[in-house]
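The structure appears right after this line, and notes come after that.
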Amino acid sequence: MKKVAIVGVGPTGIYTLHALVERGEPLEIELYEQAEEAGVGMPYNSDNNADFMLANIASIEIPPIYISYLTWLQNQSDDYLAQFRIERTSLHERQFLPRVILGDYYRDRLFAIVEKARGSGFTISINESSEVTDLRANPNGVSLWINHASQPVEVDFAAIATGHLWPETDVQTRKFFPCPWTGLMDVQISACRVGILGTSLSAIDAAMAVACQHGAFTTGADNALQFICKSDSQSLKLTLMSRSGVLPEADFYCPLPYESLNIATPEAIEDAIARGQKGLLDRIFRIIAQQLQDAAPQWSREIALEELNADTFPEAYFADRLEHDPFEWAKRNLIEVERNKQEQRTVAWRYTLLRLHEVIEEIVPHLDPPDEKRFKRGLARVFIDNYAAIPSESVRRLLALHDAGLIEILTLGADYERTNEQEMTVIYHHGRRSEFDVFIDARGQRALQSKDIPFPTLRAQLLACGDKIPDIGEDYTLQAPENARNRLAFGGLPWLMHDRPFIQGLVVSAEIGAAMAKALTQRAQRRRHNLWDTGELDE
């Protein structure tokens, strides 16, 4: 049997294993997970999440592993559901539930896959608390060093499914957190001035993590959510901040799975790409505009879409929100989306943008550097805002904190500076100085380069090829160095973000896992991108 290693046993690793087992050819598979429990995944484990932190994906969207997430939930005991205050009768396929439950689902599904695999002639080993500390591509396979062992494990093929990579936090300072997922949940934050960079769900969850150390949410007599602050925590002040100061909208109702687009089809996008780099972004925007005008003619007229271009469309998209107080906008938006959910009403322009982001992402590797910058500054922000809509309950909690006088939004503008001064973080913006006793950078995962790869030998091999980012095939196999071809699949999300800026979520994990499993038997294909040799990657 071929021997295969899967490095990282979160959702991407699990979907890779699932796809390998479903292929049917018996394999010897070694699963390596650096955490104590394989199958849970960093975004869903209890070390990094509290029960009140909600996943922004529902069962209807999650690629099932033998059974759907909803079916699995319905099979759980009353005691299990009661831990999370879930009524069995309230379960449904569009429900947003605590992230830690997803961790339990994936761990359970891991063992379901392993059971099937062993019954089908596979040899499976689950290695927990086993960090792959080094990795090397060889002429005949891959060497992996586990927990700094002196001798490597040798395999024929390895799939890297390590997921997110966050900077380490010096929890001793308890003053600055470079992301919410490294240490924040273990630290008692005093009732002080807390700054949170970002306004997305990650930033809101970071605010909740701090706030819930100083009070609790409760439902008032009018059934409205309230936050009751402890008497000795009155000096707590939370500040969410971003360049625009815009809050995300609440998740909206739409048909799932996605309905096909009739104008911005894959064929139309491919044709636009085939006509060359010059003017590509503007050609694509014309397709976007035609699709929106066809699907949402009234909204298109309201924003004067026919007069807009790739640079001015984002301004029109955010204009109404920017003219209103963010919390007032959040209240209005929450009422609207909840009414639409009850009526199963789809807002055409929102749904069209949601479906567009995946097909439009195909152009990114083909943009020239000036258009790539224009895209990131403009259209990418629109698509990210649209697909990163958050659970309604998260909006309610945010509004409850605001009603309690505990949270505010700070608009930083295009130019701001952040410095550390005398154990505090200071933000300079609009000629003002804002001081924070504790600061959390919650802007999310950043795209990483070859120099950031955590395996020293593989990192050296890649850098020796001169690739600032890993040269990855469409099947996620490394194309360089030569030894890595057809032997090493690289599904680490931070290294895929350069030409896939919208890559995120469990659907993508399943896609990557299936592709890496298929790569075991098929010849690698080259990746489409031909950019990123412009010397601008380190910006």
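None of these values were measured; they are calculated from a predicted model. The analysis underlying the following values was restricted to heavy atoms, covering all of them including side chains, and did not include hydrogens, waters or symmetry mates.
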(request) Check Leu201, Val395, Ile204 against Pro248 for a side-chain contact (heavy atoms from CB on, under 4.5 Å) and give me the one that passes. (result) Ile204
(request) Might you work through the ring-ring contact (aromatic ring centres under 6.0 Å, His included) test for Tyr106 and Tyr15, ending with a clear yes or no? (result) CA-CA 10 Å; Tyr106 278 108; Tyr15 282 115; 5.8 Å; yes
(message) Among Phe313, Phe252, Trp299, exactly one meets ring pair (Phe, Tyr, Trp, His ring centres under 6.0 Å) together with Trp349. Which residue is that?
(response) Trp299
(message) Quiz question: by atom type and distance under 3.5 Å, do the side chains of Thr312 and Asn309 form a donor-acceptor pair?
(response) yes
(message) Looking at every heavy atom in both Ala211 and Leu238, which two are closest together, and how far apart are they?
(response) CB-CD1, 4.0 Å
(request) Mind listing the closest non-hydrogen atom pair of Ile363 and Leu280 along with its distance? (result) O-CD2, 4.1 Å
(message) Distance check, rounded to the nearest 0.5 Å: Ile228 atom CD1 versus Ser233 atom OG?
(response) 13.0 Å
(request) Might you confirm whether atom CG of Asp222 has over 12 heavy atoms from other residues, nucleotides or ligands at distances under 6.0 Å? (result) yes
(message) Between Glu87 and Thr89, is there a side-chain donor-acceptor contact under 3.5 Å, judged purely by atom types and distance?
(response) no
(request) Identify the heavy atoms of Arg99 and Leu54 that sit nearest to each other, and give their distance. (result) NH1-O, 3.3 Å
(message) Is it the case that the side chains of Asn262 and Gln291 hold a donor-acceptor pair, with the cut-off being a distance below 3.5 Å and no angle test?
(response) yes
(request) Take the angle between the ring planes of Tyr80 and Trp72 and call it parallel below 30°, perpendicular above 60°, tilted in between. (result) perpendicular
(message) When you compare the side chain of Thr352 with that of Asp294, does any pair of heavy atoms fall below 4.5 Å?
(response) no
(message) Are more than 12 heavy atoms, taken from residues, nucleotides or ligands other than Arg85, located less than 6.0 Å from that residue's CZ atom?
(response) no
(request) Return the minimal non-hydrogen interatomic distance between Leu261 and Ala264, and the atom names on each side. (result) CD1-O, 3.7 Å
(message) Using only atom types and a distance under 3.5 Å, with no angle test, would you say the side chain of Asn333 pairs donor to acceptor with the backbone of Ala250?
(response) yes
(request) Applying side chain to side chain contact (heavy atoms under 4.5 Å, CB included), run through Phe227 and Leu406 and close with a yes or a no. (result) CA-CA 9 Å; Phe227 185 82; Leu406 294 175; 3.4 Å; yes
(message) I'd like to check Phe318 versus Val382 (side-chain heavy atoms, cut-off strictly below 4.5 Å). Are they in contact?
(response) yes
(request) Determine whether Gln76 and Ile86 make a side-chain contact, defined as any pair of heavy atoms from C-beta on separated by less than 4.5 Å. (result) no
(message) Could you check whether any side-chain heavy atom of Ser392 comes within less than 4.5 Å of a side-chain heavy atom of Leu334, counting everything from C-beta outward?
(response) yes
(request) Name all pairs fulfilling the salt bridge (Lys or Arg N to Asp or Glu O under 4.0 Å) condition that reach into residues 396-412, sequence neighbours left out, sorted by first residue then second. (result) Glu338-Arg396, Glu393-Arg396, Glu393-Arg397
(message) Do Glu358 and Phe502 make a side-chain contact, defined as non-hydrogen atoms from C-beta onward lying under 4.5 Å apart?
(response) no
(request) Find out whether the Lys NZ or Arg CZ of Arg418 is both under 6.0 angstrom from the six-membered ring centre of Tyr416 and within 45° of the ring's axis. (result) no
(message) If you apply the rule side chain to side chain contact (heavy atoms under 4.5 Å, CB included), what do you find for Gln234 with Cys229, and how did you get there?
(response) CA-CA 7 Å; Gln234 300 301 315; Cys229 191; 4.0 Å; yes
(request) Locate the shortest heavy-atom distance separating Pro64 from Tyr105; write the atom from each residue and the value. (result) CA-OH, 3.9 Å
(message) Contact between Leu197 and Ile427 at the side-chain level, heavy atoms closer than 4.5 Å - yes or no?
(response) no
(request) Could you tell me which non-hydrogen atom of Thr411 sits nearest to which non-hydrogen atom of Gly245, and how far apart they are? (result) OG1-CA, 3.5 Å
(message) Quick test of your reading of the model: are Asp385 and Arg321 salt-bridged, counting only N-O distances below 4.0 Å?
(response) yes
(request) Can you establish whether the number of heavy atoms outside Gln298 located under 6.0 Å from its atom CD is more than 12? (result) no
(message) Are there over 12 heavy-atom neighbours, none belonging to Asp415, within less than 6.0 Å of that residue's CG?
(response) no
